Amino acid sequence: MRVERTFGHIPGYPEGSCFGTRAELSHSGLHRPRIAGISGRGHCGANSVVLAGGYEDTEDCGDEILYTGHGGRDPETGCQVAHQTLTRGNLALACNKRYGLPVRVIRGAREPSPYAPTAGYRYDGLYRVDAYWREVGKAGFFIWRFRLCKIVELPHQGSTTATLSPPHKV
DNA sequence: TCCATGCGCGGCC
DNA sequence: GGCCGCGCAGTGG
């Protein structure tokens, strides 16, 4: 299947759109992977990410998110048992920063955050990867951390200072 | 090929 | 009835 690298909003699914399960979320096109939290591959950039409480080091401050990269977890316990590497989805997010690509953010009810929905999953708009770095996580292993900042889109107050260009087709 | 931030069912409180 | 924990399925990057 030919997969277009669609960054930015998905027509028909505005910010605030809610979904019951990952399958529905996948069908919408907002976030195709049915399990993985990062949608994207290495050098192509990441289309979207999901916050669902999977990684303890993630911090959600609403318009700013410290998102944890994937990898290094024990598949059974979900605990960090190894260092994360800058590959796969982590590398994709790094490319978002490098090329200024927006990433869709979806919050799930499992995320321990006041900004998380009470049930299911909710599309919370576009963020940009402001920075990323490696640090030691709570479990004592290196993790990759990405600072996501919400892209504020002015409704239609003329073409005033839109600090971040709304992502059209790339 | 391998990896990934689910989901449902059953048991216990 | 609701919460929690275990076990398994299965698609896309």
Side-chain angles (χ1 to χ4, degrees), chain A residues 1-8 10 13 17-62 64-99 101-127 129 132-150 170:
Chain A
M1 177 189 290
R2 182 164 305 285
V3 177
E4 296 185 16
R5 294 183 295 279
T6 52
F7 291 88
I10 299 295
Y13 296 99
S17 297
C18 296
F19 304 87
T21 65
R22 286 292 293 265
E24 297 175 24
L25 182 62
S26 176
H27 186 260
S28 74
L30 285 171
H31 186 81
R32 288 204 190 87
R34 306 180 77 159
I35 300 177
I38 302 173
S39 173
R41 303 192 67 177
H43 54 280
C44 298
N47 300 311
S48 53
V49 298
V50 169
L51 281 77
Y55 287 80
E56 61 181 357
D57 294 299
T58 293
E59 294 178 33
D60 184 6
C61 302
E64 181 177 318
I65 299 169
L66 292 183
Y67 192 81
T68 307
H70 62 188
R73 292 200 314 170
D74 184 289
E76 295 183 3
T77 66
C79 299
Q80 293 295 140
V81 294
H83 300 307
Q84 291 185 350
T85 58
L86 195 60
T87 56
R88 295 174 178 265
N90 300 347
L91 182 58
L93 278 171
C95 288
N96 281 56
K97 152 70 177 172
R98 185 171 189 173
Y99 300 116
L101 298 170
V103 61
R104 291 184 293 273
V105 168
I106 294 96
R107 284 187 174 89
R110 289 187 173 186
E111 181 67 18
S113 153
Y115 303 96
T118 55
Y121 299 86
R122 186 189 62 219
Y123 173 45
D124 281 340
L126 301 175
Y127 285 65
V129 181
Y132 67 92
W133 62 90
R134 191 181 70 163
E135 67 180 51
V136 177
K138 293 178 180 176
F141 296 94
F142 282 122
I143 61 168
W144 282 95
R145 173 157 283 186
F146 301 86
R147 186 155 69 110
L148 308 180
C149 294
K150 178 143 190 173
V170 178

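First the proteins, then the strands, lettered A, B, ... as listed; each starts at 1. On a predicted model such as this, the values are computed, not experimentally measured, just so you know.
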Would you say [X] reaches [N]'s phosphate, i.e. side-chain N/O to OP1/OP2 under 4.0 Å?
X	N	value
A:Tyr121	B:dG6	yes
A:His70	B:dT5	yes
A:Arg34	C:dG12	no

For [X], which contact category applies under a 4.0 Å heavy-atom criterion: base, sugar-phosphate, or nothing?
X	answer
A:Gly108	nothing
A:Ser26	nothing
A:Tyr67	base
A:Gly40	sugar-phosphate

Atom [atom1] of [X] to atom [atom2] of [N]: distance rounded to whole Å?
X	N	atom1	atom2	value
A:Leu148	B:dT5	CG	P	14 Å
A:His27	C:dT11	NE2	P	14 Å
A:Arg88	B:dC2	CZ	P	10 Å
A:Arg73	B:dT5	CZ	P	6 Å
A:Tyr123	B:dT5	OH	C1'	18 Å
A:Glu24	C:dT11	CD	C1'	16 Å
A:Arg22	C:dA9	CZ	C1'	15 Å
A:Leu25	B:dA4	CG	P	19 Å

Working for side chain to side chain contact (heavy atoms under 4.5 Å, CB included), residues A:Phe19 and A:Tyr13 | CA-CA 10 Å; A:Phe19 304 87; A:Tyr13 296 99; 3.6 Å; yes
For B:dC3, the Watson-Crick or wobble partner whose two distances fall under 3.5 Å =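 C:dG12 - that is the nucleotide pairing with B:dC3, both distances being under 3.5 Å.
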Would you sort out whether A:Lys138 and A:Glu56 count as a salt bridge (charged side-chain N to carboxylate O under 4.0 Å, His left out), showing the intermediate values?
-> CA-CA 8 Å; A:Lys138 293 178 180 176; A:Glu56 61 181 357; 5.6 Å; no
Taking the inter-plane angle between the rings of A:His83 and A:Phe141 on a 0 to 90° scale, is it parallel (under 30°), tilted (30 to 60°) or perpendicular (over 60°)?
-> perpendicular
Nearest-nucleotide wise, let me know which of A:Gly72 and A:Thr21 is further upstream toward the 5' end of DNA chain B.
->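 It is A:Gly72 whose nearest nucleotide is closer to the 5' end.
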Without swapping roles, check the side chain of A:Gln84 against the backbone of A:Trp144 for a donor-acceptor pair under 3.5 Å.
->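 Looks like yes, one N/O pair under 3.5 Å.
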Taking the side chain as every heavy atom from C-beta outward, state whether A:Val50 and A:Leu25 have any pair of such atoms under 4.5 Å apart.
->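 They are in contact (side-chain heavy atoms under 4.5 Å apart), so the answer is yes.
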